[in-house]
Amino acid sequence: MTWHSLTDWWWPYLFILLAGWLPTDIWRYLGVLIGGRVREDSDALIAVRAVATALVAGVIAQLILYPSGALAESSVFLRIGAAAVGFLAYLRLGRHVIVSVIAAEIVLIIGLFLNF
Amino acid sequence: MGDSEFPSSQTPADDTVRTRFSWFLSGMAMIFSIPAFILMTAHVGFAGFASENGVSLLQATFMVATIWALPANIVLIGAISGGYSLIGAAVAVTLSSIRLMPMVAAFIPEMRGPKTRRITLLLLAHFIAVTAWVMGMERFRHIPRDMRVSYFAGLGITLTVTNSLVVALVYFLSTDFPPIVFAALFFLTPMYFLTSLWGSARDRSVHVAMVSGLALFPLIHHLAPAYDLLLTGFAGGAVTMGYVRWARGRAA
């Protein structure tokens, strides 16, 4: 059974539910069951939060190092440099997300225009 | 800009004045924030990706509303255009979405109130994806504990509904931008995650987890690309717990 197996109007929606919604929300539900057993201020919560935080850090690294779409053609050094400048601007200029985003975008856009 | 300082440190006296509904509205109002805007730009890109791959406007909108995880949606469209079977597509989506399990498990103890029912948490869990997770982890501490569920309901449901509509609208208008605009927009997401997650830390363990996750990801991606995010989570989590033990030993 593939996306094109049936021509009925409802088939793509059933396909989305079975191949997309179910294998996504099932992990959320399992997360609720696990999270429900974790007490706040316990070591287990520190551990679960550490795993989740490292995982989101992995998502950040993925978006910077291996982006898809329009960013994929830019240089990896430009992206790392822009992210580093943005993060330094965040740490040094009063910890504002917007300052960091603007600093990173300035470096990135200048780099893209110069075809770096 | 209200991105890291949030003007609502409530005293107990205020809590009785502000109802659940007013906290729900405060959550809804977060749609007018920088992170919500960044997420919408990512969905502008998604609408174009769906249309390029022959997924219809209604189907793309349905995907955003029911799956509500952008990586899973992109994987699913990739599987559809690659002619995967239903099972093959479901396995590919599972590998992308399994990361939600530890994320939700860490989120629930922060969000639930003393009397929150499990069914409420199960229903709200659908709205937890990376952006809502980062926003919640950053802001919950400024919100009275028994109001956090109402606040997140407003935040999460509004984000999901709005972005589903954004995809429908952008698809309908078939809006197109020069590639440099997309490149600049796509860079907003990692910068927002990087800074707001760093700023959400209440103790050093979060910073250790972030640095180890950032550093380990390229190596693990090289070794095991299919499981890179999940393994990065566990390896970074192990490094962090090692640090926590070490720091305690030094303090004792």
Side-chain angles (χ1 to χ4, degrees), chain A residues 1-3 12-13 15-25 27-32 34-36 38 40 45-67 69-71 74 82-83 86-87 90 95-98 100-101 104-105 108-109 112, chain B residues 1 3-4 34 59 62-63 66-67 69 72 76 80 83 85-86 89-90 93-94 97-106 108-109 121-122 125-126 179-180 182-184 186-191 193-197 199 205-206 209-210 212-214 217-218 229 232-234 236-237 240-241:
Chain A
M1 299 292 267
T2 71
W3 178 256
Y13 297 95
F15 191 98
I16 289 167
L17 287 178
L18 293 177
W21 168 75
L22 186 65
T24 300
D25 264 6
W27 299 112
R28 293 186 170 115
Y29 300 148
L30 280 170
V32 171
I34 294 170
V38 177
E40 217 188 1
L45 181 61
I46 299 176
V48 173
R49 196 171 55 201
V51 170
T53 305
L55 203 151
V56 175
V59 174
I60 297 167
Q62 185 179 48
L63 291 170
I64 294 172
L65 298 176
Y66 315 104
L71 260 182
S74 62
F87 192 63
Y90 173 79
R95 304 217 164 195
H96 298 290
V97 173
I98 188 73
S100 149
V101 166
E105 289 287 350
L108 181 78
I109 291 169
L112 288 175
Chain B
M1 304 262 58
D3 44 66
S4 52
I34 294 162
Q59 289 157 2
F62 186 73
M63 284 174 73
T66 58
I67 299 169
L76 181 58
I80 289 169
S85 71
L86 181 67
V93 170
T94 282
S97 294
I98 195 168
R99 67 193 166 79
L100 290 166
M101 183 175 60
M103 286 172 56
V104 172
I108 292 298
L121 295 175
L122 287 171
H126 175 70
I180 194 163
F182 276 121
F186 288 160
F187 209 65
L188 294 172
T189 307
M191 288 318 295
F193 288 165
L194 187 66
T195 49
S196 62
L197 190 57
S205 74
V206 170
M210 275 189 76
S212 43
L214 286 168
F217 181 80
L229 285 176
T232 300
F234 284 116
T240 308
M241 290 319 284

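In the text below, chain A, chain B and the rest are named by the order of the sequence lines, each starting its count at 1. All of these numbers come straight from a predicted model, not from anything done at the bench.
Smallest separation of non-hydrogen atoms from A:G20 and B:L76: CA-CD2, 4.1 Å. For A:A57 against B:L214, the heavy-atom pair with the smallest separation is O-CD2, 3.4 Å. Across all non-hydrogen atoms, the minimal contact from A:V48 to B:P102 is CG1-O, 3.6 Å.
For chain B, the nearby parts of A:I60 are the backbone and the side chain; heavy atoms of each come within less than 4.5 Å. When heavy atoms are compared at a cutoff of 4.5 Å, A:L65 approaches chain B solely by way of its side chain, counted from C-beta outward. Of the two parts of B:M103, the backbone and the side chain both hold a non-hydrogen atom closer than 4.5 Å to a non-hydrogen atom of chain A. Residue B:I98 touches chain A through both its backbone and its side chain, counting heavy-atom pairs closer than 4.5 Å. With a threshold of 4.5 angstrom between heavy atoms, B:L229 approaches chain A through its backbone and through its side chain. Using a 4.5 Å cut-off between heavy atoms, A:S74 makes no contact with chain B at all. At a 4.5 Å heavy-atom cutoff, the contact between B:A72 and chain A is made by side-chain atoms alone.
Contact tally against chain A (heavy-atom pairs below 4.5 Å) for B:A69, B:P109, B:G236, B:G83: the top residue is B:P109. Top candidate by heavy-atom pairs under 4.5 Å with chain B, chosen from A:A52, A:G58, A:A50, is A:G58. Between chain A and the options B:A89, B:A106, B:A183, heavy-atom pairs under 4.5 Å are most frequent for B:A183. Interface check for chain A: of the options B:S85, B:G213, B:S97, the most heavy-atom pairs under 4.5 Å are formed by B:S97. Contact count versus chain A (heavy atoms, under 4.5 Å) is highest, among B:P179, B:P218, B:P190, for B:P190. When the candidates A:V56, A:V32, A:I46 are compared by the number of heavy-atom contacts under 4.5 Å with chain B, A:V32 comes out ahead. The residue among B:T240, B:L194, B:L121, B:T232 with the most heavy atom pairs within less than 4.5 Å of chain A is B:L194. When each of A:G36, A:A54, A:A82, A:P12 is checked for heavy-atom pairs under 4.5 Å with chain B, A:A54 comes out on top. Of the residues considered (A:L71, A:T2, A:L108), A:L71 shows the highest number of contacts with chain B, using heavy-atom pairs under 4.5 Å.
Inter-residue side-chain proximity for A:W21 and B:M63 is flagged as unmet; no heavy-atom pair is nearer than 4.5 Å. Side-chain contact between A:I16 and B:T66 is present, with heavy atoms from C-beta onward closer than 4.5 Å. When side chains are defined from C-beta on, B:L86 counts as touching A:F15, because their heavy atoms get closer than 4.5 Å.
Among residue pairs with one or both ends in residues 49-64 of chain A, those qualifying as salt bridge (charged side-chain N to carboxylate O under 4.0 Å, His left out) are A:R49-B:E110, A:R49-B:D203; sequence neighbours excluded.
Qualifying side chain to side chain donor-acceptor pair (under 3.5 Å) partners for A:R28, counting only residues two or more places apart in sequence or in other chains: A:D25.
A distance of 9.5 Å separates CG in A:L112 from CZ in B:F187, rounded to the nearest 0.5 Å. The line from CG of A:L45 to CD1 of B:I108 is 11.5 Å long, rounded to the nearest 0.5 Å. In this structure, the separation between CE on B:M191 and OH on A:Y90 is 10.5 Å, given to the nearest 0.5 Å. The structure places CE of B:M101 at 15.5 Å from OH of A:Y29, a figure rounded to the nearest 0.5 Å.
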Begin with the C-alpha distance, continue with both residues' side-chain angles, and end with the deciding distance and a verdict on side-chain contact (heavy atoms from CB on, under 4.5 Å) for A:L55 and B:F234. CA-CA 8 Å; A:L55 203 151; B:F234 284 116; over 6 Å; no
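Aromatic ring orientation, B:F217 versus A:Y66: tilted (interplanar angle from 30° to 60°).
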